[in-house]
> 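First, the structure itself, so that you have it in front of you.
Since the structure is predicted, the reported quantities are computational estimates derived from the model, not experimental observations.
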Amino acid sequence: MEERESFCLFCSLGCKFAVKINKGVALSPEFRPDYPINEGRLCPKGLYATELLNHPRRLIAPRIKENGKFREASWEESLHSLATKISEAKNKYGTHSIGIIIDPNHTNEEILAAKKLAESIGTDNFACSFLPNDWELLHTPGIVFPGKIEDLEEVNCSLIIGDLFVKHPVLARRVIEAKYKARGNNIIVIAPEQTNTAWFANTHLRNRPGSEALVFAGLLKSILSFSPEKGKELREKLEIISDEAIAKATGIATKQIDVAARTFNNAEKGMIILCPSFKGIKYISSVAWLSKLLADNAQGNKGLIPLFTFGNAMGAFKTSFKEGWKGFPQLVEQASSGRIKLLIDFGEDLFSSYPSAEVHRALKQLEFLAISSLFCPETEKFAQLILPCASWLEKNGTVNFFDARRERLEPCLPPPGAAKSDLEIILQLSRELDTPLDQEKIKKEAEALSREGLLETKERLDINKLVEKINRLVKETAIEDKEYPYLLIANESTAHFSNGSITRNLSWAKRELPSAFIKLNVEDAREIGVKEGEEVLVNSRSGEAVLPAQVTERLHPGVTSMPSYSAEIRSIFGWKITPEGELETSPERVRISRK
């Protein structure tokens, strides 16, 4: 019997734990109370992460599709076949007909190796598949939290956007204890729904979905008015957005915004915590910029903590980002237009994450698709080659968590069957292509990148553009849609991670949240003619789904919400790209009727 330590990658906190091992079998998680981030605590996802080890449904051998059916194959045959297809595509269509995608929960070494594989092939069609809510935060210069998580315990006022206690429940104790540490300490929550986090708030700014940037603009305007000597130029720029327009667009009275602003401004120590969900907050990058401006212009000691969905989002950005290279949405668009003919996908279950017509078209027109995965992916039906890969609990490598903290992963157990780490797969494939990558160089370069600060993009804050965007948001929120009258948001779940493609295989998640559902306001449910548990048909301009209803008073009339862990739910949200080339994170317009 022994214990082997690791970290949880089901969110960006990076909670430490150990796995009790007996004769090659993972028995249970063990706690590490001396680790300052989680002090021994784990959320449900972290507790059940050990089920990834020895899981009976894990892929254990490569599979090649022949005559429409998959058969098991050796690594030699599989990677030789892939190398041959790469050479054929290069000769027939050119090097840029090949694309490589890797998800952010790989190690820094694996992501850097995938990028170098693309370079050795000669293609710039490489992308890390950041979730849009993570990407917009990461792309904001200076977003890294410079302090320690223990700082939360000394905070007099926490300003939270998103359902922190559901998405990152390990932080709940610190935030709640800080609230009750001294009389007058506060929690302010900005969220359209009466979330678990909002239950603990002194002030809940219950905004219209998608108007969060306007709430922050209102808070910033108010704080700047308290100190006329500070931010004069910024205050003058923001004056063109009237308080009345912000109140009308957000659904929050100006007085309520002013009181919240004064509460945050007067706190000796304050912290803004950003943890946006998959869909529901429009212009997350603007929210991030406004949060920074709010922290900079408020009096006292104010800070900002961004929290990401993927554990290694920070490390992945450091190792994958390159000015001038395509982002993930552009790569999918390239495939959809027919310019990419062969795609290698390391770990991203594309059709589970984005089950849209655009992604379906992109996958359908590929001549060859190779996927590495822990379990059978939704995208399997489009693939010609499936490669079994190791989970983070079964490989070596480095990762960087939300605070840029660098940690090293060590395997708790070997991967099951013939499964390999994606680094091993990439290195073996590079040898098949006669362009062998140097593993030691990759490790040294990844190590150096993981120790550096977050790479700064060329993007800088343009106040005029920010104000223009906020003004645009005021106009957009005023638009009514009688055909699709409800605003739908997609929230996170304590049981599931991201699109659910991994956690749907874990016992607690399957037991607690086995299927999708939709939350409806009591009045809306009465108007539709549906009761608790009865099915409704949810239509958007992008897709539809039949779901059981949960009737609640936690939502305002006209607002509805869903968890984001199934392809069925995600099909309702459209594949929309902003002028900046990013995937939209807005709430979706839907129509709901009784089934």
Side-chain angles (χ1 to χ4, degrees), residues 8 10-15 36-49 133-134 137 145 149-181 185-207 209 212 215 260 264 270-281 284 287 291 303-311 401-403 489-498 500 503 508-509 512-513 519 550 552-555 561-565:
C8 179
F10 279 144
C11 87
S12 62
L13 286 181
C15 297
I37 294 296
N38 58 314
E39 299 176 310
R41 293 183 300 278
L42 292 171
C43 75
K45 294 188 285 285
L47 277 170
Y48 285 85
N133 47 310
D134 281 358
L137 287 180
F145 173 55
I149 202 67
E150 297 94 317
D151 296 347
L152 275 177
E153 297 174 19
E154 304 302 321
V155 163
N156 306 112
C157 183
S158 296
L159 173 56
I160 303 168
I161 189 165
D163 197 355
L164 176 69
F165 296 173
V166 164
K167 193 171 180 184
H168 309 280
V170 165
L171 288 184
R173 183 195 66 80
R174 294 187 193 273
V175 174
I176 293 169
E177 284 191 2
K179 173 186 172 179
Y180 293 111
K181 195 168 188 177
N185 285 0
N186 287 272
I187 296 175
I188 302 169
V189 171
I190 301 170
E193 186 174 356
Q194 183 75 38
T195 61
N196 288 10
T197 312
W199 278 112
F200 288 90
N202 305 73
T203 301
H204 179 195
L205 299 177
R206 203 165 174 179
N207 65 295
E212 289 78 5
V215 179
F264 184 72
M271 191 69 73
I272 302 171
I273 304 174
L274 303 180
C275 53
S277 57
F278 176 63
K279 294 279 186 173
I281 299 176
I284 291 174
V287 171
S291 299
L304 170 64
I305 298 178
L307 295 168
F308 313 105
T309 305
F310 277 82
F401 295 114
F402 78 100
D403 51 358
I489 54 179
N491 286 325
E492 307 300 329
S493 156
T494 51
H496 284 286
F497 168 67
S498 189
T503 45
W508 191 82
E512 292 297 309
L513 293 168
K519 292 182 185 178
Q550 286 189 3
T552 180
E553 294 182 347
R554 290 190 173 202
L555 294 160
S561 77
M562 298 175 171
S564 61
Y565 55 74

> N133 pairs by side chain to side chain contact (heavy atoms under 4.5 Å, CB included) with which of S277, S564, P276?
P276

> At what distance, to the nearest 0.5 angstrom, does CZ of F401 lie from SG of C11?
9.0 Å

> What closest approach, in Å, do R173 and E153 show between heavy atoms, and which atom pair accounts for it?
NH2-OE2, 3.3 Å

> Do E39 and R174 pass the side chain to side chain contact (heavy atoms under 4.5 Å, CB included) test, and can you show the C-alpha distance, the side-chain angles, and the key distance before you say yes or no?
CA-CA 11 Å; E39 299 176 310; R174 294 187 193 273; 3.5 Å; yes

> Hey, mind stepping through T503 and Y565 against side chain to side chain contact (heavy atoms under 4.5 Å, CB included) and telling me if it holds?
CA-CA 9 Å; T503 45; Y565 55 74; 5.6 Å; no

> List the atom of V155, the atom of N185, and the distance in Å for their closest heavy-atom pair.
O-ND2, 3.8 Å

> Is the shortest side-chain heavy-atom distance between I188 and C157 below 4.5 Å?
yes

> Say whether, by atom type as modelled, one donor and one acceptor occur between the side chain of N196 and the main chain of F165 under 3.5 angstrom.
no

> Anything under 30° is parallel, anything over 60° is perpendicular, the rest tilted; go ahead and classify F402 against F145.
parallel

> Quick check: do L159 and I190 have side-chain heavy atoms less than 4.5 Å from each other?
yes

> Check the pair F264 / I272 against side chain to side chain contact (heavy atoms under 4.5 Å, CB included), numbers first and verdict last.
CA-CA 9 Å; F264 184 72; I272 302 171; 3.6 Å; yes

> When you compare the side chain of F200 with that of V189, does any pair of heavy atoms fall below 4.5 Å?
no

> To the nearest 0.5 Å, what is the distance between CD1 on I149 and CG on N38?
10.5 Å

> Taking the side chain as every heavy atom from C-beta outward, state whether V215 and L205 have any pair of such atoms under 4.5 Å apart.
yes

> Please name the pair of heavy atoms, one in M271 and one in G303, separated by the smallest distance, quoted to 0.1 Å.
SD-C, 3.4 Å

> Measure the shortest side-chain to side-chain distance between L307 and L171 over non-hydrogen atoms and say whether it is less than 4.5 angstrom.
yes

> Looking only at the side chains, is there a donor atom on one of T309 and K167 sitting less than 3.5 Å from an acceptor on the other?
yes

> Enter the distance from L274:CG to E212:CD here, rounded to the nearest 0.5 Å.
11.0 Å

> Determine the minimum heavy-atom distance between E553 and R206, stating which atoms define it.
O-NH2, 3.4 Å

> With under 30° as parallel and over 60° as perpendicular, where do the rings of F310 and F497 fit, or are they tilted in between?
perpendicular

> Mind checking the SG-CG spacing from C43 to L13? Nearest 0.5 Å is all I need.
8.5 Å

> Calculate, to the nearest 0.5 Å, the distance between atoms CZ and SG belonging to F10 and C15 respectively.
12.5 Å

> Could you tell me whether the side chain of L152 reaches within less than 4.5 Å of the side chain of I273, counting heavy atoms only?
yes

> Tell me, do P563 and L513 make a side-chain contact under 4.5 Å, heavy atoms counted?
no

> Rounded to the nearest 0.5 Å, how far apart are CZ of R554 and OG1 of T195?
7.5 Å

> Looking only at heavy atoms, which two atoms of H204 and A201 are closest? And how far apart?
N-CB, 4.4 Å

> Is there a donor-acceptor pair closer than 3.5 Å between any side-chain N or O of H168 and the backbone N or O of C275?
no

> If you look at every heavy atom in K45 and A495, which pair is closest and at what distance?
CG-O, 3.5 Å

> Are any non-hydrogen side-chain atoms of V175 and I160 less than 4.5 angstrom apart?
yes

> Is there a side chain to side chain contact (heavy atoms under 4.5 Å, CB included) between D163 and E492? Walk through the geometry before answering.
CA-CA 8 Å; D163 197 355; E492 307 300 329; over 6 Å; no

